[in-house]
Enquirer: 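Please see the structure below; I have some questions.
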There are 4 protein chains.
Amino acid sequence: MDEKREVHASVKDERLVEKRRNEMIRGAVTLFKQKGFHRTTTREIAKAAGFSIGTLYEYIRTKEDILYLVCDSIYDEVRLELEDMDLERGTLESLTLGVAHYFQVMDRMQDEVLVMYQEAKSLSKDALPYVLKKEFEMVAMFEKLIQRYVENREHQFQESQIHLLAQNIFVQGQMWGFRRWALQKKYSIKEYTKLQTELLLEGIRGFENSARTGGDR
Amino acid sequence: MDEKREVHASVKDERLVEKRRNEMIRGAVTLFKQKGFHRTTTREIAKAAGFSIGTLYEYIRTKEDILYLVCDSIYDEVRLELEDMDLERGTLESLTLGVAHYFQVMDRMQDEVLVMYQEAKSLSKDALPYVLKKEFEMVAMFEKLIQRYVENREHQFQESQIHLLAQNIFVQGQMWGFRRWALQKKYSIKEYTKLQTELLLEGIRGFENSARTGGDR
Amino acid sequence: MDEKREVHASVKDERLVEKRRNEMIRGAVTLFKQKGFHRTTTREIAKAAGFSIGTLYEYIRTKEDILYLVCDSIYDEVRLELEDMDLERGTLESLTLGVAHYFQVMDRMQDEVLVMYQEAKSLSKDALPYVLKKEFEMVAMFEKLIQRYVENREHQFQESQIHLLAQNIFVQGQMWGFRRWALQKKYSIKEYTKLQTELLLEGIRGFENSARTGGDR
Amino acid sequence: MDEKREVHASVKDERLVEKRRNEMIRGAVTLFKQKGFHRTTTREIAKAAGFSIGTLYEYIRTKEDILYLVCDSIYDEVRLELEDMDLERGTLESLTLGVAHYFQVMDRMQDEVLVMYQEAKSLSKDALPYVLKKEFEMVAMFEKLIQRYVENREHQFQESQIHLLAQNIFVQGQMWGFRRWALQKKYSIKEYTKLQTELLLEGIRGFENSARTGGDR
DNA sequence: TATGAATGAGGTTTCATTCAT
DNA sequence: TATGAATGAAACCTCATTCAT
């Protein structure tokens, strides 16, 4: 479930690799937030991580590896946070709680998400799929959440409908971060969550009706 | 309505400045699409524009100026396209047509929008507001579109509700481009438009109801 | 007759390219003589050539290009020197003069030849053939010199015999430079030339005899 | 007869030093053959030798030490091979056998010889004399071989003549390796040996005659 | 106004060597 | 004695910008 792209390290001690990479990622994220990937130098990353440039390169092969590690770790963290989301029950409560929880995580990690959003395109053709896969899996969680809810209400949606609702939730979570200048002046995260949730539920209700009445109006 | 940030040019002939800058922008957009802002060199831009590096610098002061010009011109183009949107009538038709038209433009200009999306953060603190202002104005168009529609139906929404609906429309248009790998496999632009419009209308209906019943359910 | 491997230059003015490259080569040869190719930095070369590192890279693409240009120019210089060698007459005099002249050039250019000798292996697989070709052509000159001489004496050598004699001459010229520590203590270039020429002529005589008597003794 | 330059080792056990250094040399030669001294890293050498970089540096002080050890060991091996050459008898047979044997060794060890040839100049001023001395001693063997042969034939050569013949033999042996691309396409080692031997004998005969007739012709 | 050669700061990466364990 | 993680000087090369023509 968690296939990673191999990033070569010269150092053999796996535990150490993990530790150093975490230091590296923490430093890199801070810098990427401030200046973006391209304007951040490897030397700065090494310094922020607390070791020398030589040491940095014992744990990665290229600067782009760092970007990959950063993106990967951000997704891992988000996923870890969402791990206890209740995908099965399918109640209204589990749906709204799931969305609220996701939005909260997006609020807390908005800097990280922003980084990923803007820099992911700098990933090599090689690394991109691994990151996209994680996105895909997260969207799939929302699909399931919706699917169960709808089933519980004894409805049947087309896959394309569920998929779109899930995509919308996913992007609306990220929006909160990457359009903060527009949204966070007007709403608290709570308000934002409430409104978007309302819209989501209306959307579902609408799809239910259009299914019953047999389509277009 | 169309305040521009001054970009210094050594050349005095305004007509010429305009012409050269357009050549520049066209070349730059092509390159930015392929390789992003940072991986594109000024020399490449000059070449793509059809003049020498020296000439390029007669019309701008820094590389970042080019990015600003590009972003600015993309927004101008989008705005120009949406100019004849009917914001006043407030019918269901004018609403759905407006959204559909916007989505179509986003479909046609998805590369440009993607560029802007990913590179705007490289704009200087100085230039950013000018670009954000244009975004803001576009969102305002959708707000008006919705506002009129709702008024026509003799409803009264809170500003925060309208604002959110407008933001959603705006982002859903961009999504089509920046999440193309996820969306364009599953939907045609027509299907996508139809589904999102359905959700939008359900959302509006929902807000109407909650206004009438006086709030939370 | 003088196919060159293209070395890319950003600068377009061919005359300038030629001029700057010559400055570059002169500087590089001096440095390579002292410290070898690998221990010489591109910055040192730029400095020795009298321009900045940036300018250096306007005229080449990689450090290895410099090595190629150096090797190529050394061979060109040697060849230019040997241009008026009389390959046709086939007299004893033209043979001995030819060899003597070659040895003299090798004496004068011993540093350059030494450089080429020791560094040529650092040329890329790509560039090597171009350099070897020039060597090959020089050996061919000696083959012709010998061939004509032998013909004049109404003899017929096997190609393998002529080839070996030519290779020996060629290497003995280079030896004078790359084994200087052993040879130049004991001989002046004149003595060295005289002795090697004597051996060459004896060798030819010997091959003539073995041809007449029909081979092995 | 076999003075070595001290190469410092931290490890005291002489037997171990010898063993480790041999492993090191074997690994290094393989690598130097492929990529040359400068392009081979100390880490690669350590790995090829079967121990860690830390251990490597217990047995040498600098990378250049390895080059010295390699050169030294190659010469030792050549010398060992030539040990049973019959320098005393002075017959035609012992002369031709001696040369043939040397050429055979050069054929077998051509890679090693090539390495030495191209990298020896990277030895420090400090180490070079030790290596040159060994070369010198080998040339001296050929001098003796020729000297005895000439004496047997009741001739008296000048030292400069003998020295040159010996240098020629020595270099012609190495040529076989370092000009392999030119020679090994045309000759087998047997043919090459036969031809060069013929030339050598003619040279000797020529010197005998010129001695008898008293000089230049 | 147009050109393009020149500049050099600064980027990423390598690798010989050290030293604590 | 053996290990291998850590170091940082220094290598190669790029590219935004300038300026003489």
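FYI, side chains are in, hydrogens and waters are out, and symmetry mates aren't considered; it's all heavy atoms of this structure. Note that this is a predicted model, so its numbers are computed, not measured. Lettering of chains follows the sequences in order, A, B, ..., and the numbering in each one begins at 1.
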Enquirer: Kindly write out the residues that satisfy salt bridge (Lys or Arg N to Asp or Glu O under 4.0 Å) with B:D65, not counting sequence neighbours, or none if the list is empty.
Expert: B:R5
Enquirer: Can you list everything that forms a side chain to side chain donor-acceptor pair (under 3.5 Å) with C:T55? Sequence neighbours excluded, please.
Expert: C:S52
Enquirer: Listed by chain and number, what are the side chain to side chain donor-acceptor pair (under 3.5 Å) partners of C:E77, not counting sequence neighbours?
Expert: none
Enquirer: In chain order, what residues pass the salt bridge (Lys or Arg N to Asp or Glu O under 4.0 Å) check against D:R39, with sequence neighbours excluded?
Expert: none
Enquirer: Dot-bracket for DNA chain E: what is it, with Watson-Crick or G-U pairs under 3.5 Å, [ ] where a pair crosses earlier ones, and | for a pair to another strand?
Expert: .||||||||||||||||||||
Enquirer: Which parts of nucleotides 9-14 of chain F does protein reach within less than 4.0 Å, heavy atoms only, written one letter per nucleotide 5' to 3' as B for base, S for sugar-phosphate only and - for none?
Expert: BBSBBB
Enquirer: With the threshold set at under 4.0 Å for non-hydrogen atoms, list the residues of residues 9-25 of chain C touching DNA chain F in residue-number order.
Expert: none
Enquirer: Tell me, which pairs form a ring-ring contact (aromatic ring centres under 6.0 Å, His included) where one or both residues lie in residues 43-73 of chain C, sequence neighbours left out?
Expert: none
Enquirer: Return yes when atom CD of D:Q34 has more than 12 non-hydrogen atoms of other residues, nucleotides or ligands closer than 6.0 Å, and no otherwise.
Expert: yes
Enquirer: Could you check whether any side-chain heavy atom of B:E58 comes within less than 4.5 Å of a side-chain heavy atom of B:R20, counting everything from C-beta outward?
Expert: no
Enquirer: Run the side chain to side chain donor-acceptor pair (under 3.5 Å) test against B:K19 and tell me which residues pass, sequence neighbours left out.
Expert: none
Enquirer: Out of curiosity, A:I66 CD1 to A:L31 CG, how far, rounded to the nearest 0.5 Å?
Expert: 10.0 Å
Enquirer: First contact, last contact: which nucleotides of DNA chain E are these for chain C, 5' to 3', heavy-atom distance under 4.0 Å?
Expert: E:dA5 to E:dG10
Enquirer: Any ion pair linking C:D72 and C:R21 (charged N to carboxylate O, less than 4.0 Å)?
Expert: no
Enquirer: Residues two or more places apart in sequence or in another chain: which of them pass side-chain contact (heavy atoms from CB on, under 4.5 Å) with C:L114?
Expert: C:Q118, C:F178, C:R180
Enquirer: Please identify each residue that fulfils side chain to side chain donor-acceptor pair (under 3.5 Å) with B:T40, with sequence neighbours left out.
Expert: none
